[in-house]
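Here's the structure we're looking at; comments come further down.
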There are 2 protein chains.
Amino acid sequence: MITIKEIARLANVSSATVSKVINGKDRYISEETRKRVLEIVEREGYIPNGIAKSLKMKRTKTIGIILPDVMNLFFSEVAKGAEDAAERKGYTVILCNSDNSKAKEGKYINILQEKMVDGIILTASEAETSKYLERCNIPMVLVDRDLELEKPVGRIVVDNVEGTYKATNYLISKGCKSIGFVSSQEVNKLAKERLLGYKKALRENGMEIDPNKIFLKSFTVETGYEGVYHLFNQGHVDGICCGNDLIAIGVIQGLKEKGISVPEEVKIIGFDNICIGKYLDPPLTTVRQPIYKLGEEAVNVLISIIEKKDIEMVKVLDTEIVVRASA
Amino acid sequence: MITIKEIARLANVSSATVSKVINGKDRYISEETRKRVLEIVEREGYIPNGIAKSLKMKRTKTIGIILPDVMNLFFSEVAKGAEDAAERKGYTVILCNSDNSKAKEGKYINILQEKMVDGIILTASEAETSKYLERCNIPMVLVDRDLELEKPVGRIVVDNVEGTYKATNYLISKGCKSIGFVSSQEVNKLAKERLLGYKKALRENGMEIDPNKIFLKSFTVETGYEGVYHLFNQGHVDGICCGNDLIAIGVIQGLKEKGISVPEEVKIIGFDNICIGKYLDPPLTTVRQPIYKLGEEAVNVLISIIEKKDIEMVKVLDTEIVVRASA
DNA sequence: ATTTCTTAGGTAAACGTTTACTCTCATATT
DNA sequence: AATATGAGAGTAAACGTTTACCTAAGAAAT
């Protein structure tokens, strides 16, 4: 690899001059020299060594994004939103899959610090701990899954209570009298909030909260599938509010197996609006989260923190019901 | 941030000694000194500066992965496979979405070179060019979409001709007499090969190749949807071989709208076996590619090249028909 | 008694940039 | 005539590591 010194030698100038030309700090460089240097840079195919630059400048123009699993439709959309926004601002992103493991999450936080990333976007793993996080002094933005932390971090979330509250109310407005809830266990704030919204809606409508109609395991298709069997063993429902769309997929599958028609016998509403929802059968009615924007805003806020523009650190994005055919 | 020099000062040794201890090159370090240094490292929460290390060592333990779009179920699985494999080998991955744009792809190749990644995994954008690529002298592995290149690169692909050949034969074995093909335009080798396999199967079975039964646009749900209308305007088919699963999703949706039943009236087979296929209605019969493994092997081969173990540079992975309900 | 080997650890260059200073003219100002 | 200003470019330190080479001292071998 050819270096700046080599270019300098070929152009008969000092490396300082080459550096200035390349970086546009050419106020005191003659047009002639500038041209000559640029020509040689072009001809030799010189590519600046970003590592050396980062060492000197103490910034890498790189951010890390830690999320449970990019194969998950939700997180891949967050990742895309984040990467797109980063690219627009001249940053590059390192992708880290935590597989919902605290250990892996901690390991990555460490690696990212070693790699001197300028900031980190984190969708925390499910179990709530913050040991690793508190002692990391790189700018950080939490997205989707919020967390109680001492240190100041950005947060991009939606109002989850409101989301399931609206969803449940929607089912009620459609005439459901007995509504079940299938979601993840209350291991984190997000899961707690979604359960809360469901209960709140029932309570406000004078409907009984029946533990037998609540099935909590994890945010997966399998949970939805199991949930159906659980709910229908315990009795009967005519509507199911799902903790997310993956669960809704499993629920619909389970109901099909049981020969129960959606939405005629049981109405289903999901949460997230993942991109595949509209191709399901029936197309999924759901609570839309602006997933892509979640990633985008996370990067915007993170870069504001990095570049020390001060800006609102917390953004609560809006949810909205997307009516399709499942409810 | 505390540096190695600071640690050295606190431990009353030279920074060389600290470096040796940290990196386990401690053959000539007394146990006493080793302990003392390690304790101070721990106590002070020292994190090595990977950038400085990379500059000196001329390697970053980072690889770049360029793919069209992580939001696409296929590529997100490739990405996951790649990231998992990289993590196991102590590498970190920079994620780049090309959005199928040559310009963006070229830009990223450049950025990755500046960031001094040790290697690049590339799923080329659709249009075939290699200008940028030929002049990049970083180890590279092509995955999924193969490309003619002068320079030596790794390649991880499946036999696409065989894939659609098997798929079409499967439809024929199920009694289809008139088989359509909906796929992407022949902009790259992959698309060409898939079309070839379809034609080959028809030819070998003495069936006519009818251009009206072939609709080529892009590898998207929309193309599948449009394809149905195109095919049924031109006449009638009783089986459709799809260039990938996303197209199959669109095809099924289009057929539903037309009130045509799958698989009774028209049988559908996809390609890829994306994770959502089994939850479709009807569950999608498809040609399975080992998508996750594609990413995994890409990283394995790439790292072998980087670390100069020599190894087979080209891997052709197997496909297999996954029978579900759509055909 | 001299040489050689081994253990323990230090010195300082090098990796490829950026940038605060410095230097030299030439021109403008007093 | 002396001084200030500005254009144009160079010098060298610094960023935080790693590592080839050096030193010193004690043990072992000759």
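Lettering of chains follows the sequences in order, A, B, ..., and the numbering in each one begins at 1.
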Exercise. Looking at the side chain of Leu55(A), which of dT18(C), dC15(D), dA8(C) is the nearest nucleotide?
Worked result: dC15(D)
Exercise. Within the structure, does a side-chain N or O atom of Ser14(A) lie under 4.0 Å from either OP1 or OP2 of dA9(D)?
Worked result: no
Exercise. dA9(D) phosphate, OP1 or OP2: any side-chain N/O from Thr17(A) under 4.0 angstrom?
Worked result: no
Exercise. Whole Å only: how far is the NZ atom of Lys35(A) from the C1' atom of dG8(D)?
Worked result: 17 Å
Problem set entry | Check ion pair Glu83(B)-Lys80(B) (N to O, under 4.0 angstrom) | no
Exercise. Which listed nucleotide (dT18(C), dT19(D), dT17(D)) is nearest to the side chain of Lys25(B)?
Worked result: dT19(D)
Exercise. Starting at CZ of Arg59(A) and ending at P of dT17(C), how long is that distance when rounded to a whole Å?
Worked result: 14 Å
Problem set entry | Lys115(A) atom NZ, over 12 foreign heavy atoms within 6.0 Å | yes
Problem set entry | Thr3(A) side-chain N/O to dG16(C) phosphate OP1/OP2 under 4.0 Å | no
Problem set entry | Interatomic distance where CG belongs to Asn49(B) and P belongs to dG16(C) [whole Å] | 17 Å
Exercise. More than 12 heavy atoms of other residues, nucleotides or ligands under 6.0 Å from NZ of Lys151(B): is that the case?
Worked result: yes
For this session: Calculate the interatomic distance between Arg27(A) atom CZ and dT5(D) atom P; express it in whole Å.
Result: 15 Å
For this session: On DNA chain C, check which nucleotide each of Ile4(A) and Glu31(B) is closest to and give me the residue with the more 5' one.
Result: Glu31(B)
Exercise. Hey, does Ser54(B) reach any base, or is it just sugar-phosphate, or nothing, if we go heavy atoms under 4.0 Å?
Worked result: nothing
Exercise. Is there a side-chain contact between Val141(A) and Val153(A), using heavy atoms and a 4.5 Å cut-off?
Worked result: no
Problem set entry | Between dT18(C) (P) and Ile51(A) (CD1): distance, integer Å | 13 Å
Problem set entry | Earlier contact from the 5' end, DNA chain D, for Ile29(A) and Ser15(A) | Ile29(A)
Problem set entry | Lys56(A) (side chain) and dT17(C) (base): donor-acceptor pair under 3.5 Å | no
Exercise. Counting side-chain heavy atoms from CB outward, which of dG16(C), dA8(C), dT19(C) is closest to Ala16(A)?
Worked result: dT19(C)
Problem set entry | Donor-acceptor pair under 3.5 Å, Lys20(B) side chain vs dG10(C) base | yes
Exercise. What integer distance in Å separates Met1(A):CE from dC15(C):P?
Worked result: 15 Å
Exercise. Once you round to the nearest 0.5 Å, how far does CD of Glu297(B) lie from CG of Leu302(B)?
Worked result: 12.0 Å
For this session: Using only side-chain N and O atoms of Tyr28(A), determine if any of them is under 4.0 Å from OP1 or OP2 of dA7(D).
Result: yes
Exercise. Taking OP1 and OP2 of dG16(C), is either one under 4.0 Å from a side-chain nitrogen or oxygen of Lys58(B)?
Worked result: yes
Problem set entry | Among dA7(D), dG16(C), dG16(D), the nucleotide that comes nearest once only the side chain of Ala52(B) is considered | dG16(D)
For this session: Look at the side chain of Met57(A) and decide which nucleotide, out of dT17(D), dT19(C), dG16(D), has an atom nearest to it.
Result: dT19(C)
Exercise. Hey, is the side chain of Lys53(A) poking within less than 4.0 Å of OP1 or OP2 on dT18(C), counting only N and O atoms?
Worked result: yes
Exercise. If you look at every strand shown and take non-hydrogen atoms under 4.0 Å, does Asn12(A) touch a base, only sugar-phosphate, or nothing?
Worked result: sugar-phosphate
For this session: Look at the side-chain N and O atoms of Ser30(B) and state whether any lies under 4.0 Å from the OP1 or OP2 oxygen of dT7(C).
Result: no
Problem set entry | Neighbour count above 12 (heavy atom, 6.0 Å) for Glu31(A) CD | yes
Exercise. For dT17(C), does either OP1 or OP2 sit under 4.0 Å from a side-chain N or O belonging to Ser19(A)?
Worked result: no
For this session: Return the value, rounded to whole Å, for the distance between atom CG of Asp26(A) and atom C1' of dG6(D).
Result: 16 Å
For this session: Could you state the atom-to-atom distance from CD1 of Ile22(A) to P of dA9(D) in whole Å?
Result: 15 Å
For this session: Flag yes if more than 12 heavy atoms outside Arg135(B) fall under 6.0 Å of its CZ atom; otherwise flag no.
Result: no
Exercise. Is the shortest side-chain N/O distance from Asn23(B) to OP1 or OP2 of dT18(D) below 4.0 Å?
Worked result: yes
